Amino acid sequence: MSVRITIVGAGPGGYIGAIRAAQLGAEVTLIEREAVGGTCLNRGCIPTKALKASADAMALAGRLSEFGIRLEGAVRPDIPAIQARKDKVVQTLVTGVRKILESYKVRLIEGAAEVLTPDRVRVQPGEGEAVEVAGDRLILATGSRPANIPGLAVDGTRILNSDQALVLDAVPADMLILGGGVIGVEFAFILSQLGSRVTVVEALDRLVGLPGVDPDSSRVLEREMKKSKIAFHLNKTIVRTLPEGENRVRAILGPSPFLENPTERDRQEVAVSAERLLVSIGRAPVADGLGLERLGLDRDARGWVQVNERLETNVAGVYAIGDLLGPSKIMLAHVATAEALVAVENCLGGRRVMDYDAVPSGIFTSPEMADVGLTEPEARDRGLDVRADVFLFRAMGKPQAMGEIAGQVKIVSEASSGRLLGVHIIGPHATDLIAEATLALRLGATAADVAETIHVHPSLSETVMEAAHAALDAPLHRPAAKS
Ligand code: FAD
């Protein structure tokens, strides 16, 4: 008899797990209470990238004369049409996923799951009677939701979270964004390109100050934001908000709680008024009504589920994947997917260990950012014998031809062996270019391996190759050092 696997949550963790489990011969039940595709397809990766495509088109339209194209008349965003396009993209993908699940005979139950025991789950559909599902293995993939901040109530009108910012029916004249992390900066560019005056408030001393993002990339991003007239305040937070008239909000910015020795200047309060405030300060686990307490599942102080290296929880036969594992395991769609493949194999008797060493991240700003492996400071902190080499996109043919010259590729490598430790890109199509670097890191490649690999000319990937040549002290498209 085949193994029965129950999966709760049909995001990129859960639905991929269901497909793989079915491919491997399991009898699969997938339970989803909102929308197949989860946050990623419905409220995250895909809708933001569809909106970004419209915002990029708008930005390009503003630069047409640079390409020798004359435009007569004004370029204006049509927000209902932009939203309709975004919805269509989402629908196409969700429908595609549903068809694939159907083709693999995955039993999809639409309703809210409550775990009764490791082998029994009750599902309450929107209408009608609850059903009980019996299984041999359980995978929890219920994801995350926007986190709230005490004293700053999201009201869906003036103060929004990212779910609400995705369905705006007009571009706010001005937008204040609390949180200069990935979601905050992505929205900053989208809204700014669509015509909003955007201000970002970030508590850390740099934008996207995540561990894997190289500080130099943050500096380049900050420079590009200034060029795009997106204002930002670092080391600051919102200390209070006041309504302003019918439709606006006034925020008072004060020193960040992370600031160790605030100066007089840091302590000075600044008032910013905006039509809307987007709160994007992180995510919280989704576990309401799921019955995890009854199961006795180990969770940390913030509620993130704890697993071992094979992604099994402390309860035998119960696995957890995706955002539900929290930031220590990297909250990205492709990580949830990779974890799903590992968890499913282990449900079926495998002993696979989840490897987080070469996880790329992508940030869809303008220009894009992408990182894999150690940053330069991380590598130095580990006491490694490090060198870091940078090559600028502007030196190469394809970026010049495209008119996308901002940014750089930085290679962090071991000085003695040339072994790659990390690659950090900010520039055009960085999120695509990082794939080569990820494979190189995974295979333990050296800078010489990348430099000696023939790359298409002209292509953006040549900049990665040139950074590798630079790491061998022999960049080709750079004048010789003065002797
Ligand atoms: P989710 O996608 O959150 O899916 C969980 C599912 O479980 C949901 O559909 C939920 O309804 C369901 N569920 C919860 N509880 C129950 C229950 N009791 N019963 C039944 N069903 C339940 N990541 C990237 O890699 N690239 C990006 O560009 C990117 N952009 C993003 C942009 C935004 C604005 C946001 C918010 C996130 C973005 N992410 C991005 C992150 C990405 O969306 C998540 O990492 C990913 O969706 C996590 O997948 P998951 O399967 O763990 O959970």
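Quantities reported herein were computed from a predicted structural model and do not represent experimental measurements. Positions are given from 1, in the same order as the sequence printed here.
- Taking CD of E309 as the start and CE of M354 as the end, the distance is 12.0 Å to the nearest 0.5 Å.
- The distance from atom CG of L297 to atom CG of N314, rounded to the nearest 0.5 Å, is 5.5 Å.
- For the pair L374 and V412, the minimum side-chain heavy-atom distance is 4.5 Å or more.
- Using modelled atom types, no side-chain atom of S413 and backbone atom of A415 make a donor-acceptor pair closer than 3.5 Å.
- E466 and T463 are not linked by any side-chain donor-acceptor pair at a separation below 3.5 angstrom, with hydrogens and angles left out of the test.
- Counting only heavy atoms from C-beta outward, the side chains of S280 and N161 never approach each other to under 4.5 Å.
- Just one of N42, T39, V167, V90 meets the side-chain contact (heavy atoms from CB on, under 4.5 Å) condition when paired with P47; it is V90.
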Going through the distances and angles, do E114 and R294 end up as a side chain to side chain contact (heavy atoms under 4.5 Å, CB included)?
CA-CA 10 Å; E114 183 189 353; R294 190 185 301 126; 2.7 Å; yes
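- The local environment of CD in Q23 is crowded, with over 12 non-hydrogen atoms from other residues, nucleotides or ligands closer than 6.0 Å.
- The minimum heavy-atom distance linking S217 with I426 is given by the pair O-CD1, 3.7 Å.
- Listed by first then second residue, pairs satisfying salt bridge (Lys or Arg N to Asp or Glu O under 4.0 Å) with a partner in residues 4-32 read R4-D136, not counting sequence neighbours.
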Determine all donor-acceptor pairs shorter than 3.5 Å in which one atom belongs to a side chain in residues 436-447; sequence neighbours excluded.
| from | atom 1 | to | atom 2 | distance (Å) |
| --- | --- | --- | --- | --- |
| E436 | OE1 | H455 | NE2 | 3.2 |
| E436 | OE2 | H455 | NE2 | 2.6 |
| T438 | OG1 | I434 | O | 2.8 |
| T446 | OG1 | A448 | N | 3.4 |
| T446 | OG1 | D449 | N | 3.2 |
| T446 | OG1 | D449 | OD2 | 3.1 |

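- By the 4.5 Å heavy-atom criterion applied to side chains, L221 and V208 are counted as neighbours.
- Among residues two or more places apart in sequence or in another chain, the side-chain hydrogen bond (donor to acceptor under 3.5 Å, both in side chains) test is passed with E260 by none.
- Using a 4.0 Å cut-off between a side-chain N of Lys or Arg and a carboxylate O of Asp or Glu, E186 and K52 do not qualify as a salt bridge.
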Quick one: side chains of residues 323-330, donor-acceptor pairs under 3.5 Å with protein atoms, not counting sequence neighbours, listed by atom name and distance.
| from | atom 1 | to | atom 2 | distance (Å) |
| --- | --- | --- | --- | --- |
| D323 | OD2 | S144 | OG | 2.8 |

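- Rounding to the nearest 0.5 angstrom, the gap separating the CD1 atom in I31 from the CZ atom in R122 is 12.0 Å.
- Contact of the V133 side chain with the I109 side chain is registered, since non-hydrogen atoms from C-beta on lie closer than 4.5 Å.
- Between the side chains of Y356 and E339, a donor-acceptor pair is found at a separation under 3.5 Å.
- Considering every non-hydrogen atom in both L421 and A379, the closest pair reads CD1-CB, 4.2 Å.
- The nearest pair of heavy atoms linking R206 to S218 is NH1-OG, 2.9 Å.
- Looking only at distances, a side-chain donor or acceptor of T142 sits under 3.5 Å from a matching main-chain atom of V286.
- When each of L292, T6, I321 is checked for a side-chain contact (heavy atoms from CB on, under 4.5 Å) with L140, only L292 meets the rule.
- Counting only heavy atoms from C-beta outward, the side chains of E132 and V121 never approach each other to under 4.5 Å.
- Between E202 and G179, the closest heavy-atom pair is OE1-C, 3.9 Å.
- Distance alone, capped at 3.5 Å, is enough to place a donor-acceptor pair between the T337 side chain and the P12 backbone.
- Shortest non-hydrogen contact noted between D371 and D214 is OD2-N, 3.2 Å.
- The main-chain N or O of V198 is never found under 3.5 Å from a side-chain atom of S196 such that the two would form a donor-acceptor pair.
- Between Q408 atom CD and F391 atom CZ the span is 11.5 Å, to the nearest 0.5 Å.
- A heavy-atom distance below 4.5 Å is found between the side chains of F187 and T48.
- Sorted by first and then second residue, the pairs that involve residues 349-370 and meet salt bridge (Lys or Arg N to Asp or Glu O under 4.0 Å), not counting sequence neighbours, are E345-R352.
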I'd like to know whether T199 forms a side chain to side chain contact (heavy atoms under 4.5 Å, CB included) with H233, so could you lay out the CA-CA distance, the side-chain angles of the two residues, the decisive distance to 0.1 Å, and finally the verdict.
CA-CA 8 Å; T199 304; H233 298 266; 3.6 Å; yes
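- Side-chain atoms of E312 do not come within 3.5 Å of backbone N or O of C347 as any donor-acceptor pair.
- Residues E378 and R382 are not paired through a salt bridge, judged by the lack of any N-O separation under 4.0 Å between the basic side chain and the carboxylate.
- The backbone N or O of F189 sits nowhere less than 3.5 Å from a side-chain atom of S192 that would complete a donor-acceptor pair.
- Using a 4.5 Å heavy-atom threshold, the side chains of V279 and S162 count as separate.
- Residues R299 and E293 are paired through a salt bridge, judged by an N-O separation under 4.0 Å between the basic side chain and the carboxylate.
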Given L178 and L278, is the side chain to side chain contact (heavy atoms under 4.5 Å, CB included) satisfied, shown in steps?
CA-CA 6 Å; L178 177 62; L278 166 62; over 6 Å; no
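- Nearest heavy-atom pair across V220 and G407 is CG1-CA, 4.3 Å.
- Of the inter-residue distances, the one linking L460 atom CG with L433 atom CG reads 5.5 Å to the nearest 0.5 angstrom.
- Remark: D216 engages K410 in a salt bridge, criterion side-chain N to carboxylate O under 4.0 Å.
- Using a distance-only test at 3.5 Å, with no hydrogens or angles considered, a donor-acceptor pair links the side chain of S256 to the main chain of F258.
- Judged by distance alone, the side chain of D385 and the main-chain N or O of S416 form a donor-acceptor pair under 3.5 Å.
- When atom types are taken as modelled, the side chain of H334 and the backbone of S361 share no donor-acceptor pair closer than 3.5 angstrom.
- L311 has its side chain out of reach of N346: every pair of non-hydrogen atoms, C-beta onward, lies at least 4.5 Å apart.
- From I238, atom CD1 reaches atom CD1 of I149 across 7.5 Å, with rounding to the nearest 0.5 Å.
- Listed by first then second residue, pairs satisfying salt bridge (Lys or Arg N to Asp or Glu O under 4.0 Å) with a partner in residues 86-105 read R98-E110, not counting sequence neighbours.
- Under 3.5 Å, the side chains of S366 and Q193 contain a donor-acceptor pair of N or O atoms.
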